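The structure appears below as structure tokens.
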Amino acid sequence: MEPGNDTQISEFHLLGLSEDPELQPLIFGVFLSMYLITVVGNLLIILAVSSDSHLHTPMYFFLANLSFVDICFTSTTVPKILWNTQTQSKVITYDGCITQIFFFLLFAGLDDFLLAVMAYDLFVAICHPLHYMVIMNPTYCVLLVLVSWVMSTLNSLLQSLMVLQLSFCREVQISHFFCEINQVVQLACSDAFLNDILMQFAAVLLAAFPLAGIIYSYSKIVSSILGISSAQGKEKAFSTCASHLSVVSLFYCTALGVYLSSAAPQSSHTSAVGLLMYTVVSPMLNPFIYSLRNRDIKEALKKIFWVPVI
């Protein structure tokens, strides 16, 4: 294949999860169902938080932001999958691919930061309860979210611009169902050394640092909970953390699975399944994890629909 610069490449080919025509209706139905569940579930969380004044607290403010980001995160990839499956096409334009990379990195980074912010919020609530409302004041909460947006936007913008500098060969095929940046960079015909360095740096900044903050917060939280003399107090404190810890575990376990599987070039199918868990399944399960374990969310939803919520 002849190399060419990025202005000569008009499209990429997404190989998706399967090329079997008989499986396409099943794939379409599964992705459509998961997408609708994700959007409706996270919208209900946002609606519950915004409509109930009892939920106008830092914890639920961050949860509503996380739900919004999860909707956007899933919307970055799934509508294109549905369109390509329905039209029996595997094509994504060059501009569409770069745009998808930008928004995927943006919302993935926001997920990382918001989970870390929520862990910090729990740390302050449990370890410094008397100073909680002073520390986690509305201005500070908005600032934390704003900083998360700025950091994630700068990272996604820089990495997308770096991809624009690469040259690609003709008829580039991506072995995933969306333009995953590692795959795109590996397919470049030009030197991608700077891109690799930038991706490694971003992985530390947007994944390792937030994860380290989460681990530190929970180490302090567990230490404080163990110091509570009342068994009922311990149970209530652990219950407060359970939902967030479940979401963190799901998000980082699937992300780690994607990272480990992508390190082995021969396991493209395994990597695609890992990406499916990371980009679609995790955002879909988050509303269930928070609503099923949270009485306040259940009560807010009950008020909205005037029906009992189990």
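A quick note: this is a predicted structure, and the numbers were derived from the prediction, not measured. Every heavy atom of this structure was used, including side-chain atoms; hydrogens, water molecules and symmetry mates were not.
Residues meeting the salt bridge (Lys or Arg N to Asp or Glu O under 4.0 Å) test with Asp296, sequence neighbours left out: none. Every residue two or more places apart in sequence or in another chain that forms a ring-ring contact (aromatic ring centres under 6.0 Å, His included) with Phe178 is listed here: Phe104.
Residues Leu166 and Ala188 share a closest heavy-atom pair of CD1-CB, 3.9 Å. For His54 against Thr57, the heavy-atom pair with the smallest separation is O-CG2, 3.9 Å. Taking all atoms of both residues into account, the shortest heavy-atom contact from Phe28 to Thr85 is CB-CG2, 3.7 Å. Smallest separation of non-hydrogen atoms from Phe168 and Val163: CE1-O, 4.2 Å. When all heavy atoms of Ile174 and Phe12 are compared, the pair lying nearest together is CD1-CB, 4.0 Å. Contact between Ser167 and Ser190 at its shortest, heavy atoms only, is N-OG, 2.9 Å.
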Exercise for the section: Would you please test Leu164 and Leu161 for side-chain contact (heavy atoms from CB on, under 4.5 Å) and show each step? Expected result: CA-CA 5 Å; Leu164 283 171; Leu161 290 175; 3.9 Å; yes
Exercise for the section: Please assess Phe113 against Phe62 for the test ring pair (Phe, Tyr, Trp, His ring centres under 6.0 Å), listing each intermediate value before the final yes or no. Expected result: CA-CA 11 Å; Phe113 283 123; Phe62 296 134; over 10 Å; no
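Within the 4.5 Å cutoff, the side chain of Asp112 has heavy atoms near those of the Phe251 side chain. Contact check for Thr139 versus Leu143: no side-chain heavy atoms found under the 4.5 Å cut-off. By the 4.5 Å heavy-atom criterion applied to side chains, Tyr252 and Pro210 are counted as neighbours. Using a 4.5 Å cut-off on side-chain heavy atoms (C-beta onward), Tyr94 and Ser10 make no contact. At least one side-chain heavy atom of Met34 sits less than 4.5 Å from a side-chain heavy atom of Val281. The closest side-chain heavy-atom distance from Val117 to Val145 is not below 4.5 Å. Taking the side chain as every heavy atom from C-beta outward, Leu14 and Cys179 approach each other to under 4.5 Å. Side-chain contact between Cys241 and Ile126: present, with at least one pair of heavy atoms (C-beta onward) separated by less than 4.5 Å.
Hydrophobic clustering of Ile, Leu, Val, Met, Phe, Trp and Tyr side chains at less than 4.5 Å, counting indirect connections, unites Met133 with Val124. Linking ILVMFWY residues whenever their side-chain heavy atoms come closer than 4.5 Å, directly or via other members, places Ile135 and Phe123 in the same cluster. The cluster map of Ile, Leu, Val, Met, Phe, Trp and Tyr, joined by side-chain heavy atoms under 4.5 Å apart, puts Val142 and Ile46 in the same cluster. Leu187 is not connected to Leu198 by any chain of hydrophobic side-chain contacts under 4.5 Å among Ile, Leu, Val, Met, Phe, Trp and Tyr, and they are in different clusters. The hydrophobic cluster containing Leu158 does not contain Phe102, counting ILVMFWY residues as joined when their side-chain heavy atoms lie under 4.5 angstrom apart, directly or transitively.
Taken from CG in Asp111 to OG in Ser282, the straight-line distance is 7.0 Å, to the nearest 0.5 Å. Taking OG from Ser249 and CG from Leu245, the interatomic distance works out to 4.5 Å, rounded to the nearest 0.5 Å. Note: Leu66 CG to Asn286 CG = 6.0 Å, rounded to the nearest 0.5 Å. The CD1 atom of Ile101 sits 9.0 Å away from the CD atom of Gln159 when rounded to the nearest 0.5 Å. The distance from atom CG of Asn42 to atom CG of Leu47, rounded to the nearest 0.5 Å, is 12.5 Å. In this structure, Phe68 CZ and Leu63 CG are separated by 14.0 Å, a value rounded to the nearest 0.5 Å.
You'll find the ring centres of Tyr290 and His244 outside the 6.0 Å limit. Taking the six-membered ring for Trp, Tyr120 and Tyr216 have ring centres at least 6.0 Å apart.
Remark: the backbone N or O of Ile71 is not paired with any side-chain donor or acceptor of Thr74 at under 3.5 angstrom. Formation of a donor-acceptor pair under 3.5 Å by the Ser223 side chain with backbone atoms of Ser219 is not found in this model. Of the possible polar contacts, none joining the Asn155 side chain to the Leu105 backbone as a donor-acceptor pair under 3.5 Å is found. Looking only at distances, a side-chain donor or acceptor of Gln100 sits under 3.5 Å from a matching main-chain atom of Thr76. Side chain of Asn137 to backbone of Val134: a donor-acceptor contact under 3.5 angstrom is found. A distance-only check finds a donor-acceptor pair linking the side chain of His56 to the backbone of Val49 [under 3.5 Å]. In this structure, Ser152 contributes its side chain and Trp149 its backbone to no donor-acceptor pair below 3.5 Å.
When each of Phe103, Phe107, Tyr278, Tyr35 is checked for a ring-ring contact (aromatic ring centres under 6.0 Å, His included) with Phe73, only Tyr278 meets the rule.
The environment of Lys80 atom NZ is dense: over 12 non-hydrogen atoms of other residues, nucleotides or ligands sit within 6.0 angstrom.
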